[in-house]
Amino acid sequence: MRGAAALVLLAALTGCQQRAPLPALHGVASIDFCADQMTLGLLPRGQIRAVSFETDSDTSFSKPRATGIPRLRPQLEDIVALRPAVVVRSYGGSAKLDRQLEAIGVRVVQLGFPGTLDEVRQDVLRVGGELGAGAQARERITGFEADLAAAKRQPARHGTALYVTPGDVTTGPGSLVAEVIGAAGYTPYRTEPGWGTLPLEQMVRKGPDVVFRAFFDSARYRQDYWTSSRHPVVARVSARAIDVEIPGAWISCGNWLTGHAVAKLAAAQGKRS
């Protein structure tokens with residue numbers, strides 16, 4: 001039934017079987033976690049028609065700003081029923097959703113996937129321009145630059161930082177997290193490029209100087225009993241290292257919030273237990 005309803009709506013929007021004028025497309029809808037952050041961070045509430053259900057898992061940024069805004073699934077029929085003029089997306093929806101929406105006159109603003117701090121700057125400014133929010137995007141990047149400058153003003157630091165998540169995932173060179181670690185004055189503990197699991201054997205031989213935690217505040221990422229992040233080795237290493245925890249929202253999407261992560265990690269040096 002839902003698919004049939006969508007076909008009827010699509011036919012009406014494209015002029016087929018249309019007997020009466022439809023309400024005009026208006027406003028902006030975001031359809032995934034990263035799109036929610038960008039939309040809520042750049043646009044006034046009056047322009048936002050809906051955000052995704054994923055926004056409710058973000059306790060530090062999106063959810064507090066999304067109170068009273070309808071939630072939307074990243075499905076064609078739900079978007080068509082809402083009739084936004086613009087859809088902001090990162091990964092949400094099917095691969096063909098862009099083409100389907102553009103065919104019925106809905107403009108799609110696609111977020112990038114920044115892998116460096118410079119790409120973060122570029123993407124926020126580009127998306128801000130596409131949303132008609134260039135001034136707000138520039139303001140966000142001014143704050144981002146201030147965070148990076150604050151990190152550079154910290155005393156010189158040396159040593160390694162191990163990124164830890166509830167699901168055992170860590171990372172080394174070549175990732176945005178590694179860029180954050182480097183900008184804060186540390187070297188990634190994992191030396192292999194890309195992503196992998198926590199290196200428990202390596203940690204037994206020599207632990208990191210910093211344990212850098214993220215996503216432990218998030219309802220989306222639960223720590224089960226068997227996860228390596230609960231392993232006694234991790235607990236012992238954390239007790240000896242500087243322990244820094246940030247909200248997952250700061251590191252998940254590659255926008256201005258990434259600067260908060262750099263600043264907090266840099267400021268934590270010298271607080272060894």
Side-chain angles (χ1 to χ4, degrees), residues 25 27-45 47-58 60-63 65-66 69-76 78-79 82 84-102 106-145 147 171 174-180 195 214-215 218 220-221 246-262:
L25 301 173
V28 177
S30 62
I31 61 171
D32 57 55
F33 183 88
C34 292
D36 294 340
Q37 285 193 351
M38 192 74 79
T39 301
L40 290 164
L42 296 183
L43 295 178
R45 287 178 62 91
Q47 292 184 25
I48 303 173
R49 299 289 308 284
V51 293
S52 81
F53 282 98
E54 293 179 345
T55 205
D56 294 317
S57 67
D58 184 348
S60 72
F61 185 81
S62 293
K63 186 176 181 179
R65 290 164 173 78
I69 299 176
R71 288 356 184 209
L72 179 68
R73 295 184 303 171
Q75 297 183 1
L76 179 63
D78 291 14
I79 298 169
L82 184 68
V86 179
V87 164
V88 183
R89 71 182 298 208
S90 175
Y91 52 82
S94 67
K96 59 185 179 181
L97 184 61
D98 284 10
R99 296 192 303 274
Q100 292 172 324
L101 292 174
E102 289 168 355
V106 178
R107 184 163 61 89
V108 176
V109 174
Q110 174 68 54
L111 274 59
F113 298 91
T116 68
L117 297 176
D118 189 51
E119 289 174 359
V120 168
R121 296 182 186 92
Q122 295 174 25
D123 205 50
V124 172
L125 294 172
R126 174 187 63 81
V127 173
E130 292 185 22
L131 290 175
Q136 181 65 13
R138 289 189 294 274
E139 183 177 327
R140 289 295 189 185
I141 291 303
T142 297
F144 173 77
E145 300 291 3
D147 282 333
T171 188
S175 66
L176 184 57
V177 172
E179 287 255 321
V180 168
W195 299 83
F215 294 102
S218 174
R220 298 178 73 195
Y221 300 94
I246 63 166
W250 289 4
I251 204 75
S252 53
C253 296
N255 55 43
W256 62 90
L257 296 171
T258 309
H260 298 350
V262 174

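Below, each value reflects all heavy atoms present in this structure, side chains not excepted, and no hydrogens, waters or symmetry copies.
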Task: Verdict with supporting geometry, V87 and L97, side chain to side chain contact (heavy atoms under 4.5 Å, CB included) - done: CA-CA 10 Å; V87 164; L97 184 61; 5.6 Å; no

Task: Which atom of D147 lies closest to which atom of H260, heavy atoms considered - done: OD2-ND1, 2.7 Å

Task: Set of residues satisfying salt bridge (Lys or Arg N to Asp or Glu O under 4.0 Å) with respect to E145, sequence neighbours excluded - done: R121

TODO: Tell me, please, which residues at least two apart from Q136 pass side-chain hydrogen bond (donor to acceptor under 3.5 Å, both in side chains).
DONE: none

- [ ] Sequence neighbours left out, what passes side-chain hydrogen bond (donor to acceptor under 3.5 Å, both in side chains) with R140? Give chain and number order.
- [x] none

TODO: Return the set of residues passing salt bridge (Lys or Arg N to Asp or Glu O under 4.0 Å) with E130 (not counting sequence neighbours), or none when no residue passes.
DONE: R126

Open item on the list: Working to the nearest 0.5 angstrom, can you tell me the gap between F144 CZ and L125 CG?
Closed with: 10.0 Å

TODO: With sequence neighbours excluded, tell me which residues meet side-chain contact (heavy atoms from CB on, under 4.5 Å) with L82.
DONE: A29, R49, A50, L72, P84

- [ ] Run the numbers on M38 and L43 for side chain to side chain contact (heavy atoms under 4.5 Å, CB included), then give the verdict.
- [x] CA-CA 8 Å; M38 192 74 79; L43 295 178; over 6 Å; no

Task: R89 CZ to S52 OG distance, which is reported to the nearest 0.5 Å - done: 12.5 Å

Open item on the list: The test is side chain to side chain contact (heavy atoms under 4.5 Å, CB included); show your working for L76 and L101 and say whether it passes.
Closed with: CA-CA 8 Å; L76 179 63; L101 292 174; 3.8 Å; yes

Open item on the list: Set out, in order, the CA-CA distance, both residues' side-chain angles and the distance that settles side chain to side chain contact (heavy atoms under 4.5 Å, CB included) for L117 and L176, then state yes or no.
Closed with: CA-CA 7 Å; L117 297 176; L176 184 57; 4.1 Å; yes

TODO: Can you sort out the partners of P114 under side-chain contact (heavy atoms from CB on, under 4.5 Å), two or more places apart, ordered by chain and number?
DONE: E119, V120, D123

Task: Under the side-chain hydrogen bond (donor to acceptor under 3.5 Å, both in side chains) test, residues paired with T39 that sit two or more places apart - done: none

Task: Distance, nearest 0.5 Å, that separates CZ of F53 from CD1 of I31 - done: 13.0 Å

- [ ] Using side-chain contact (heavy atoms from CB on, under 4.5 Å) as the criterion, list what pairs up with S62, not counting sequence neighbours.
- [x] D36, Q37, L40, T55, D58

- [ ] Search all heavy atoms of F61 against all heavy atoms of G41 and return the closest pair with its distance.
- [x] CZ-CA, 3.9 Å

Task: Approximate separation, where rounding is to 0.5 Å, of F215 CZ and I251 CD1 - done: 7.5 Å

Task: Between CZ on residue F33 and OG on residue S57, distance to nearest 0.5 Å - done: 5.0 Å

Task: Considering all heavy atoms, the nearest S60-A249 contact - done: OG-CB, 3.2 Å

TODO: For residues Q110 and D98, report the shortest heavy-atom separation together with the two atoms involved.
DONE: OE1-OD2, 3.9 Å

Open item on the list: Nearest 0.5 angstrom please: W250 CH2 to N255 CG, how far?
Closed with: 12.5 Å

Task: Closest contact, heavy atoms only, D56 versus K63 - done: O-CD, 3.4 Å

- [ ] Please name all residues satisfying side-chain hydrogen bond (donor to acceptor under 3.5 Å, both in side chains) with S90, sequence neighbours left out, ordered by chain then number.
- [x] none

